[in-house]
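Computed over heavy atoms, backbone and side chain alike; hydrogens, waters and symmetry mates excluded. Start at 1 and go down the list; that is how both ligands and their atoms are numbered.
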Amino acid sequence: MERPNIEKLVKQNGVWMSRNDVLHGVKDITVSRKKVRIEMDCGDFAVVNNSRRSASARALRNSKYKKVCKRCKLSDERIERFVTKNFSTPVQQTVSVSNTGTKKVTKKNTASITPVPEKIENQVKTQQVKTQSEYTDSMKKRIEMISVPGDNIDFTDFDKLVDLPPFEVLEKELVERRKKDVCKIYETSREDMLAALERDISEFLRSEGFMEIKSSILIPEEYLLQMGIDPETDEDYKVFKTNGNMYLRPMLAPVLYNYLRRFDKILPDPVKIFEVGTCYRRESDSSNHLEEFTMVNFCQMGDGANAENLMEIIDSFLKHLGIEYTTEGDSCLVYGNTVDIMHGDMELSSAVVGPVPMDIDWGINKPWIGAGFGLERLLKAKHGFKNVKRGSRSELYYNGNYINF
Ligand code: ATP
Ligand code: 9VF
Ligand code: MG
């Protein structure tokens with residue numbers, strides 16, 4: 001016969017046994033898809049898997065407890081029932097309220113901000129020194145994950161590793177720092193860095209005369225084909241297809257083309273527009289590639305659409321963001337020649353001076369300039385992150401700080 005699960009055992013016995021074999025009365029039990037949350041008469045609670053073979057299940061079946069929780073005020077009758085497993089007579093749950101004035105224990109369910117000791121750094125320094133070679137690869141990985149550039153721990157740079165404390169000490173210190181960093185954000189700006197960058201970019205470009213657009217993330221196949229991308233075979237733009245006939249956009253250009261064509265009939269020349277939004281590409285793993293990333297693409301069509309103006313706007317854009325860059329000539333399938341804006345080895349942007357032949361298909365007949373930047377790469381450059389993931393849509397990092405503790 002199949003063994004009863006925790007839910008059944010707790011409901012039947014009316015008691016719970018905590019890990020150190022202390023017997024508690026059960027006030028309430030909530031069952032979810034996989035877990036059980038048990039609230040004890042003393043106010044403590046436990047969340048465990050709703051299993052049949054766990055130590056907790058065994059403890060409830062075998063009735064071997066070491067102590068009884070005093071605060072639960074379990075009646076002899078309830079204990080007896082648990083031990084003898086005589087469930088025929090239901091027991092009334094009568095918890096007597098003592099008149100000794102003891103306070104009711106209530107568990108806080110709001111997250112509290114734990115104050116972090118200030119002078120841990122000194123503590124770390126006085127510990128025994130550990131050399132880099134004493135760190136295993138998994139220790140290094142863990143340290144890299146929970147550290148930020150400001151910690152100055154770089155396992156590829158030996159000079160920064162002198163006086164490294166033992167792993168456990170360093171790990172504890174870094175965890176405390178990250179908690180403190182996130183608490184600081186909670187106390188001050190409360191801004192997500194990706195969202196803040198988008199707002200900053202939007203404000204900057206609007207002040208430079210560009211009009212903001214928000215278009216759909218879902219685009220039809222026609223837009224890809226018209227950009228010269230075959231969604232089935234293209235090697236550079238590996239696109240995601242939805243269950244219907246739509247695709248997740250790998251770029252913003254198709255919609256911007258349509259806007260340029262329409263606005264040219266409405267707005268004075270030159271037409272200056274931009275969009276900031278999520279784009280999707282099926283990429284292989286790399287420290288500069290995400291499958292879900294944020295692009296800003298700004299463009300100007302008509303008067304002043306020349307290489308000089310393009311470089312001027314890019315220069316003031318990156319100066320505004322405080323990011324250094326170099327330029328490189330490149331070419332791509334979609335536009336032919338591009339100017340790549342680089343930060344070290346990382347491409348921040350591809351910039352193009354039109355016109356290009358496919359303009360005809362989009363109904364465009366004026367010169368244009370444009371550039372597309374990845375926001376997560378801008379964050380990586382700005383903060384010295386090792387990986388674009390730090391600044392991306394993620395549950396593991398908040399504003400570059402590891403948070404999965
Ligand atoms: P790369 O050659 O580095 O893969 P790309 O030339 O394919 O990039 P573009 O099509 O020029 O990229 O897109 C414009 C900008 O968008 C890039 O310069 C980059 O900043 C950003 N970007 C493109 N693909 C990604 C991605 N997978 N993850 C993060 N950012 C990206
Ligand atoms: C440069 C990057 C074709 C006139 C609407 C504007 C541009 C940006 C290139 C982007 C892409 N192009 N990921 O075009 O600004 O489209 O490959 Si328009
Ligand atoms: Mg490019």
Salt-bridge contact Arg37-Asp28 (side-chain N to carboxylate O under 4.0 Å): no
Closest protein heavy atom to atom 13 (O) of ligand 1, given as residue, atom name and distance to 0.1 Å: Arg281 NH2, 3.7 Å
salt_bridge(Arg52, Glu2) N-O dist < 4.0 Å: yes
Nearest-neighbour protein heavy atom for atom 15 (C) of ligand 1, which is reported as residue plus atom name and distance: Gly372 O, 3.5 Å
Check residues 347-361 and write down every donor-acceptor pair under 3.5 Å in which the side-chain atom is one partner and the other belongs to a residue at least two apart or another chain.
{"residue": "Glu347", "atom": "OE2", "partner": "Ser350", "partner atom": "OG", "Å": "3.1"}
{"residue": "Ser349", "atom": "OG", "partner": "Gly372", "partner atom": "O", "Å": "2.9"}
{"residue": "Ser350", "atom": "OG", "partner": "Asp340", "partner atom": "OD1", "Å": "2.8"}
{"residue": "Asp359", "atom": "OD1", "partner": "Tyr257", "partner atom": "OH", "Å": "2.5"}
{"residue": "Asp359", "atom": "OD1", "partner": "Trp368", "partner atom": "NE1", "Å": "3.2"}
{"residue": "Asp359", "atom": "OD2", "partner": "Val356", "partner atom": "N", "Å": "3.1"}
{"residue": "Asp359", "atom": "OD2", "partner": "Trp368", "partner atom": "NE1", "Å": "2.8"}

Note: Asp41-Arg71 ion pair, threshold 4.0 Å (strictly below): no
Test log, rule side-chain hydrogen bond (donor to acceptor under 3.5 Å, both in side chains), inputs Lys35 and Asn49: CA-CA 4 Å; Lys35 308 248 178 198; Asn49 288 333; 3.0 Å; yes
Heavy-atom nearest neighbour in the protein, as seen from atom 11 (O) of ligand 1, with distance rounded to 0.1 Å: Ser350 OG, 3.1 Å
Rounded distance [0.5 Å steps], CD in Glu292 versus CD in Glu376: 8.5 Å
Heavy atoms of other groups near Lys241 NZ, more than 12 under 6.0 Å: yes
Part of Asn288 within contact of ligand 1 (heavy atoms, under 4.0 Å): backbone
Nearest-neighbour protein heavy atom for atom 8 (O) of ligand 1, which is reported as residue plus atom name and distance: Glu347 OE2, 3.7 Å
Passing option when Phe298 is tested against Phe204, Phe317, Tyr259 for ring-ring contact (aromatic ring centres under 6.0 Å, His included): Phe317
Structural part of His289 in contact with ligand 1, heavy atom criterion under 4.0 angstrom: both
Proximal atoms of ligand 1 relative to Ser349 (non-hydrogen, under 4.0 Å): 18 (O)
Residue Arg199 excluded, over 12 heavy atoms near CZ under 6.0 Å: yes
Proximity to ligand 1 by part of Arg377, non-hydrogen separation under 4.0 Å: side chain
Within reach of ligand 1, part of Leu348 (heavy-atom separation under 4.0 Å): backbone
Nearest non-hydrogen protein atom, atom 22 (N) of ligand 1: Phe293 CE1, 3.4 Å
Presence of salt bridge, Asp151 and Arg177, under 4.0 angstrom: yes
Neighbour count above 12 (heavy atom, 6.0 Å) for Arg393 CZ: no
Over 12 foreign heavy atoms within 6.0 Å of NZ, Lys386: yes
N, O or S atoms of the protein lying under 2.8 Å from the Mg ion (ligand 3): Glu347 OE2, Ser350 OG
Sub-3.5 Å pairs, protein N or O with ligand 2 N or O:
{"residue": "ligand 2", "atom": "12 (N)", "partner": "Tyr335", "partner atom": "OH", "Å": "3.2"}
{"residue": "ligand 2", "atom": "13 (N)", "partner": "Arg281", "partner atom": "NH2", "Å": "3.4"}
{"residue": "ligand 2", "atom": "15 (O)", "partner": "Asn297", "partner atom": "ND2", "Å": "2.8"}
{"residue": "ligand 2", "atom": "15 (O)", "partner": "Ala371", "partner atom": "N", "Å": "3.3"}
{"residue": "ligand 2", "atom": "16 (O)", "partner": "Tyr335", "partner atom": "OH", "Å": "2.6"}
{"residue": "ligand 2", "atom": "17 (O)", "partner": "Tyr237", "partner atom": "OH", "Å": "3.0"}

side-chain contact (heavy atoms from CB on, under 4.5 Å) against Leu396, all qualifying residues, sequence neighbours excluded: Ser394, Tyr402, Asn404
Leu290 touching ligand 1 at heavy-atom level, < 4.0 angstrom: yes
Glu283 near ligand 1 by a heavy-atom separation under 4.0 Å: yes
Glu80/Lys85 salt bridge by N-O under 4.0 Å criterion: no
